[in-house]
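To start, the structure under review is shown below, and the notes come after it.
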Amino acid sequence: MQNLLQNLNPEQLAAVTLPPQNALILAGAGSGKTRVLTTRIAWLIQTGQVSPAGILAVTFTNKAAKEMLTRLSAMLPINTRGMWIGTFHGLCNRLLRTHYRDAALPQSFQILDSQDQLSMIKRLLKAQNVDDEKYPPKTVMYFINNHKDQGLRAGQIDAYDAIERKLVELYALYDDQCQREGVVDFAELLLRTYELLTRNQPLREHYQQRFRHILVDEFQDTNNLQYNWLKLLAGHGTGGGGALFAVGDDDQSIYAFRGANVGNMSAFEAEFNVQNLIKLEQNYRSHGHILDAANMLIANNSKRLGKNLRTDAGHGEQVRVYEASSDLQEAQWIIEEAKNLIAEGASRSEIAVLYRSNAQSRVIEHALFSAGIPYHVYGGLRYFQRAEVKHAIAYLQLMDNPHNDSAFLRVVNFPARGIGARTLEQLQNAAESYGISLYAAVPYMVGKAGTSLGGFVKLVEGVRFETQQMALPELVRITLESSGLLAHYATEKEGADRIENLEQMVNAATQFVSEEGYGQGAPAHLGPQADAQAGEAIVNADGVEILDADAPLATVMSPLSAFLSHASLEAGDNQAQAGQEALQLMTVHSAKGLEFDNVFITGLEEGLFPHESSSKEDGGVEEERRLMYVAITRARKRLYMCFSQTRMLHGQTRYNMKSRFFDELPEEALKWLSPRVQSHWFANKKATWEDAKLSGGSDNAIAQRIAQQKTGGSGWRIGESVVHAKFGEGVIVNIEGSGSNCRAQINFGSAGMKVLDLSVAKLERLGR
DNA sequence: AAAATTCCGATTTTT
DNA sequence: TCGGAATTTT
């Protein structure tokens, strides 16, 4: 215990040892948030205030859940099994598996990832003869998901026009189809669980009484459904529920675009009558100048809960700012500085290059590649998303639940076995008219189609039978073999990597079996294991028996089902990073939660960061500012910021102004590395030749770029910075016509793009 | 059924 | 511009 609370600062200590009441912890970046969360759990258990089974800890990502578990088992001598620590989706999965009958799901329901969901919607639109120009599949998907995230079923939506009515209809049809197939999408996991607990009083009360302490990480990222889900479990308004301990940072709320509602923080404070609000403002990560920059920037946001980070570390070095003339040159500069850092002894993995959008990585990657510096890009395809792996998973899914049409269609003719588009169309019609799955419709097919499809069914059934008594890894191996996938890729030229990925799956299954505590030899197909310790049986007043969805999962899921859930809910690592020392390239979003000694924030230009589409939605710029805040607070020792006067985007050269965020940073914390007086025209001219050299451009390319420096005889040049009395600072993007008919297209940033007559408009040159 | 061609979209992302 | 998905050609 002494150990546990050692070295906590007063605020952290206060948070950890709060009485069992609702609490809101405002945890600034680098303030030891995870430490507080895990120490709180350990303290509650060690002081005997709660048993491990009374703990529910919820996170958003598997990574965060895993980290919490790891830290906890280091702190506590006891088994962490009894605690419920996981993601919203993972916990819902567990609840639904246990109470599948009450939730009206088949025991081996399967989880659709976003890809599967989209393809299912496409299929639905086709079957319904819906014009996909008028109702793009993506739009339908967003409509469905957004409403599920709000807790709304199709029947609960008020539609005001024909289009909305159609979307509602499609939503209902989609849900029907999912139900027929026995599949659920990600949002459905949450909504189903919410509805289950709302509807079923004994179940609800059982879990409300069980979970004495509910702890939530990254609370600012919760959407409305998640908030209501927590409210329900915490027994809000019933008096009988547990205490909700929410940890979050409103200044790091950067996921509004996927439904996160920062307002949940203040809603929680008000609705749960929170008496315990603790701010963690002591930062253990960054040097002073970096924190000053972050603090001053974020102060420009309104509606904050209010927080100011402080550090005991000194000022440290200033933030280095660089203005490049082109995106190529920006990349070149980054590489020079990175080389210097490495020469000074910095480890490559302690250098991060952050950007607002993925498209920006290309130029930087190219430059790094040319310079021979190893790098790692975050956010590529994850293991379980790879085509070949998804194919293998589809075969496994069919063995566990043959009515999953997505899985059926994915592999019915892969590897090719002569089942073409016509055959499948017939099959889909049959399935449609009988209201059954494709698999179930196969017996209705006659002739050649019947034979070929029947062969496929026999294949699936055959493997299923053959593997009945096998353990999971063995089952996976046989499936890879019998499906013909291995043989198929063996004939492909580029198949070696794919085969390796497939073989990797046997290892993944082996690892899964040992980590999840399945008896090594347990048959993969078998349902809840007889020898596994059963969950505690509860009988309510009406004599209804409730089985607690307790660990281990083996009590409620067959190893195969569990493995398939795992594959859907945890898509796995992004590519084989080879573990070598490499520069870290990623978007600002994916950098959240990480920290590095040295950080580059790149592309700090109006239109890019803040992104132009953010200025259209209200609160958009404030969210971009929070994003910038996240970016700045990633850095421990050294922070670089850069921007470029010209940039190639979607095949066109764009002329951007420097980001407004520079004006919101303390000048004394910045060190400008590039001369700021240089005119755009001169810089562009220079850029033209430098870029030509960098990219090895031909004379033709050089001439083309120089041709862009046309003036229209107006005295103004493209790329030049100007000031207009009304619109403020801008950059000339294009010049049309000549003489008295000469008009210039000018990007005034937040004031928008304007076309001005140069003989009329009063413009001044900007000597920056 | 594979190969070639056209078309489309383009912020951010986890489950 | 460029990568992927959809469509058409061989």
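Below, chains carry the letters A, B, ... as their sequence lines are ordered, and counting in each starts from 1.
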Checking side-chain contact (heavy atoms from CB on, under 4.5 Å) for the pair A/L297/A/F661: CA distance, chi angles, key distance, verdict?
CA-CA 7 Å; A/L297 177 98; A/F661 295 147; 3.8 Å; yes
Value in whole Å for how far the C1' atom of B/dT13 lies from CD of A/Q252
16 Å
I need a per-nucleotide contact map over nucleotides 1-10 of chain C, read 5' to 3'. Cutoff is protein heavy atoms under 4.0 Å; write B for the base, S for backbone only, - otherwise.
BS---S----
Measure CD/A/Q360 against C1'/B/dT12 and give the value in whole Å, please.
11 Å
Rounded interatomic separation in angstrom, taking CG from A/L112 and C1' from B/dT14:
16 Å
Rounded distance in Å - CG (A/L381) to C1' (B/dT13):
14 Å
Whole angstroms only, please: what is the CG-C1' distance between A/L608 and B/dT12?
12 Å
Name the nucleic acid region contacted by A/E218, choosing base, sugar-phosphate or nothing; use a 4.0 angstrom heavy-atom cut-off, strictly under.
nothing
Among B/dA1, B/dT12, B/dT13, which is the nearest nucleotide to the side chain of A/R258?
B/dT13
So what does A/F88 hit on the nucleic acid, given a heavy-atom distance under 4.0 Å: a base, only sugar-phosphate, or nothing?
nothing
Do A/R362 and A/D327 meet the salt-bridge criterion of a basic N to acidic O distance under 4.0 Å?
no
Can you tell me the distance, in whole Å, between the CD1 atom of A/I254 and the P atom of B/dT14?
11 Å
Provide the full list of salt bridge (Lys or Arg N to Asp or Glu O under 4.0 Å) pairs with a residue in residues 248-261 of chain A, sequence neighbours left out, each pair given once.
A/D249-A/K307, A/D251-A/R304, A/D251-A/K307
Any carboxylate oxygen within less than 4.0 angstrom of a Lys/Arg side-chain nitrogen, looking at A/K303 and A/E622?
no
Sorted by chain and residue number, the ring-ring contact (aromatic ring centres under 6.0 Å, His included) partners of A/Y629 (sequence neighbours excluded) come out as none
Say we look at C/dA5 and B/dT12: how far apart would their P atoms be, to the nearest angstrom?
16 Å
Indicate, with a heavy-atom threshold strictly under 4.0 Å, whether A/N62 touches base, sugar-phosphate, or nothing.
sugar-phosphate
Electrostatic pair A/R356-A/E624, nearest N-O below 4.0 angstrom
yes
Between C1' of B/dA10 and NZ of A/K138, the distance in whole Å:
10 Å
Nearest-nucleotide wise, let me know which of A/S114 and A/S613 is further upstream toward the 5' end of DNA chain B.
A/S613
How is the base pairing of DNA chain B summarised as a dot-bracket string, given the Watson-Crick and G-U wobble criteria with both distances under 3.5 Å, [ ] for crossing and | for another strand?
||||||||||.....
Does A/N358 make a side-chain N or O approach to OP1 or OP2 of B/dT13 shorter than 4.0 Å?
yes
Looking at A/R660, A/R654, A/R647, which one forms a salt bridge (charged side-chain N to carboxylate O under 4.0 Å, His left out) with A/E605?
A/R647
In this structure, how many angstroms lie between the C1' atom of B/dT14 and the CD atom of A/Q385, rounded?
10 Å
Run the side-chain donor-acceptor check on residues 110-122 of chain A: report pairs under 3.5 Å with partners two or more places apart or on a different chain.
from: A/Q110; atom 1: OE1; to: A/N404; atom 2: ND2; distance (Å): 2.7
from: A/Q110; atom 1: NE2; to: A/Q397; atom 2: O; distance (Å): 3.0
from: A/D113; atom 1: OD1; to: A/Q115; atom 2: N; distance (Å): 3.1
from: A/D113; atom 1: OD1; to: A/D116; atom 2: N; distance (Å): 2.9
from: A/D113; atom 1: OD1; to: A/K390; atom 2: NZ; distance (Å): 3.2
from: A/D113; atom 1: OD2; to: A/K390; atom 2: NZ; distance (Å): 2.6
from: A/D116; atom 1: OD1; to: A/K390; atom 2: NZ; distance (Å): 3.1
from: A/D116; atom 1: OD2; to: A/D113; atom 2: N; distance (Å): 3.4
from: A/Q117; atom 1: OE1; to: A/N145; atom 2: ND2; distance (Å): 3.3
from: A/Q117; atom 1: NE2; to: A/N145; atom 2: OD1; distance (Å): 2.8
from: A/Q117; atom 1: NE2; to: A/Y174; atom 2: OH; distance (Å): 3.2
from: A/Q117; atom 1: NE2; to: A/D185; atom 2: OD2; distance (Å): 3.4
from: A/S119; atom 1: OG; to: A/D116; atom 2: O; distance (Å): 3.0

Closest to side chain of A/H589, choosing from B/dT14, B/dT11, B/dT13:
B/dT13
Taking ring-ring contact (aromatic ring centres under 6.0 Å, His included) as the test, write out the residues that go with A/F88, two or more places apart.
A/F60, A/W229
Under 5.5 Å between ring centres and under 30° between planes: true for A/F257 and the base of B/dT11?
no
May I ask you to check whether A/F143 and A/H147 place their ring centres under 6.0 Å from each other?
yes
Across the strands shown, which category fits A/F60 at heavy-atom distances under 4.0 angstrom: base, sugar-phosphate, nothing?
sugar-phosphate
Residue closer to the 5' end of DNA chain B, A/S568 versus A/I419 (nearest nucleotide)
A/I419
